[in-house]
Amino acid sequence: FVYQAEKVCGNRMNYRKGICCIIKREDRFLLFHRIQNWRGWEFLKGGLKLGETEKKALHRELKEETGNTRFSLKKTRYKIKYKWKNHFIKDDHVFMGSIETLYLARFLGDKRIKIDKSEHDKFKWVRKEDVLKYLTYPERRKAFLYAIKKFDDYVSVKDYGAIGDG
């Protein structure tokens, strides 16, 4: 899948394509405290750039938002779709919201996380039973409830191996 935006025709506006990734290390999940455009807790996420595949966007976002490249990854069929309060203009296109493909990841890197300070001011590794208390938006909570049912089936280092530099 390669993202190709369509120009706005009349009143028609599109959803921006993106990825969301729930990252797990041992018995904890990685959450980011967002400060760009809104404030609250979220999973790693990001929009696809023009001509970019989901896989490339996922690798770019993992590197940008964690400083790491060593993860075991699996794409799910789950989609997170939501509208924004205000329309978003990017690359001469107006978007009314986002539709993101959910990925699951096991963190295989060193324990250091280096966040993108322009988007987030802090991060936390949170126990499964506490994640829902932190997440700001309901569509993220629904995605997490889906993910915890699927995580062990979807992400196995033995089955999928590590995806890292190289």
Side-chain angles (χ1 to χ4, degrees), residues 1-3 16-80 82 88 90 98-166:
F1 174 81
V2 176
Y3 170 49
R16 185 175 186 210
K17 305 285 191 263
I19 56 92
C20 176
C21 187
I22 298 177
I23 301 168
K24 184 177 182 182
R25 183 184 76 198
E26 298 166 4
D27 65 339
R28 300 199 179 234
F29 295 87
L30 183 59
L31 298 179
F32 299 89
H33 187 258
R34 187 167 191 87
I35 56 171
Q36 184 183 48
N37 300 326
W38 60 274
R39 291 190 180 275
W41 291 94
E42 66 179 0
F43 298 116
L44 180 141
K45 68 178 183 66
L48 275 63
K49 295 181 178 181
L50 283 174
E52 189 174 46
T53 65
E54 281 185 0
K55 185 176 178 182
K56 285 191 182 217
L58 178 61
H59 286 268
R60 175 179 49 78
E61 290 291 341
L62 286 166
K63 177 67 175 166
E64 287 175 3
E65 295 189 22
T66 71
N68 284 270
T69 59
R70 293 194 27 84
F71 297 88
S72 175
L73 303 168
K74 182 65 178 172
K75 181 179 181 176
T76 75
R77 294 178 185 200
Y78 194 89
K79 301 285 186 189
I80 302 168
Y82 54 95
F88 176 68
K90 180 124 179 131
S98 181
I99 185 163
E100 301 162 2
T101 300
L102 180 64
Y103 285 81
L104 306 178
R106 283 203 195 277
F107 181 74
L108 304 174
D110 60 34
K111 300 210 183 246
R112 293 181 312 240
I113 297 290
K114 183 181 168 220
I115 59 174
D116 177 353
K117 293 285 191 174
S118 67
E119 289 186 47
H120 305 104
D121 64 349
K122 56 189 166 186
F123 70 91
K124 282 186 185 218
W125 288 102
V126 178
R127 292 184 351 230
K128 176 174 80 172
E129 51 272 10
D130 295 328
V131 170
L132 295 176
K133 297 175 198 171
Y134 279 92
L135 293 171
T136 302
Y137 288 109
E139 67 274 355
R140 305 284 167 211
R141 292 192 284 272
K142 288 178 189 174
F144 182 68
L145 291 173
Y146 171 86
I148 58 174
K149 294 177 190 169
K150 304 290 184 183
F151 221 99
D152 288 333
D153 294 338
Y154 277 164
V155 183
S156 166
V157 173
K158 180 181 172 191
D159 293 342
Y160 300 104
I163 297 177
D165 296 324

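Computed from heavy atoms alone, side chains included, the values below leave out hydrogens, waters and symmetry copies.
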Verdict with supporting geometry, Y146 and R77, side chain to side chain donor-acceptor pair (under 3.5 Å) = CA-CA 10 Å; Y146 171 86; R77 294 178 185 200; over 6 Å; no

Can you name the one residue among R140, R16, K17 that meets side-chain hydrogen bond (donor to acceptor under 3.5 Å, both in side chains) with E100?
-> R140

Considering residues at least two apart in sequence or located in another chain, which fulfil the side chain to side chain donor-acceptor pair (under 3.5 Å) criterion with [X]?
X    : result
R39  : none
K133 : D130
K124 : Y134

When rounded to the nearest 0.5 angstrom, what distance separates [atom1] in [X] from [atom2] in [Y]?
X    : Y    : atom1 : atom2 : result
I148 : L104 : CD1   : CG    : 11.5 Å
Y78  : K149 : OH    : NZ    : 9.5 Å
D116 : R34  : CG    : CZ    : 9.0 Å
L132 : E129 : CG    : CD    : 10.5 Å
I19  : I99  : CD1   : CD1   : 14.0 Å

Is there side-chain contact between [X] and [Y], with heavy atoms separated by less than 4.5 Å?
X    : Y    : answer
F71  : Y103 : no
E54  : L48  : yes
R127 : R28  : yes
E42  : C20  : no
L73  : L62  : yes
W41  : V126 : no

May I ask you to say whether K45 pairs ionically with E119, meaning some side-chain N is under 4.0 Å from a carboxylate O?
->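 Not counted as a salt bridge, because no side-chain N and carboxylate O are separated by less than 4.0 Å.
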
For [X], check salt bridge (charged side-chain N to carboxylate O under 4.0 Å, His left out) against everything at least two apart and list the hits.
X    : answer
E65  : none
R60  : E52, E64
E139 : none

Provide the closest heavy-atom pair for I80 versus A143 in the form atom of the first, atom of the second, distance.
->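 What the structure gives for the nearest pair is CD1-CB, 3.7 Å.
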
Report the residue from F107, F144, F123 that forms a ring-ring contact (aromatic ring centres under 6.0 Å, His included) with F29.
->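 One option only clears the test, and that one is F144.
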
Are F32 and F43 close enough, and set up right, to give a ring-ring contact (aromatic ring centres under 6.0 Å, His included), and what steps lead you there?
-> CA-CA 6 Å; F32 299 89; F43 298 116; 9.0 Å; no

Passing candidate, side-chain contact (heavy atoms from CB on, under 4.5 Å) with L30, options I22, I113, L44 |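 That would be I113; it is the only one of I22, I113, L44 passing the side-chain contact (heavy atoms from CB on, under 4.5 Å) with L30.
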
Report the C-alpha separation of T101 and K79 in whole Å, then their side-chain angles, then the decisive distance to 0.1 Å, and conclude whether the side chain to side chain donor-acceptor pair (under 3.5 Å) test is met.
-> CA-CA 5 Å; T101 300; K79 301 285 186 189; 2.6 Å; yes

Side chain to side chain contact (heavy atoms under 4.5 Å, CB included) between H120 and H33, worked out = CA-CA 5 Å; H120 305 104; H33 187 258; 5.7 Å; no

Within the distance-only criterion (no hydrogens, no angle test), does the side chain of S72 pair as donor or acceptor with the backbone N or O of R106 below 3.5 angstrom?
-> no

Do N68 side-chain atoms and R112 backbone N/O form a donor-acceptor pair below 3.5 Å?
-> yes

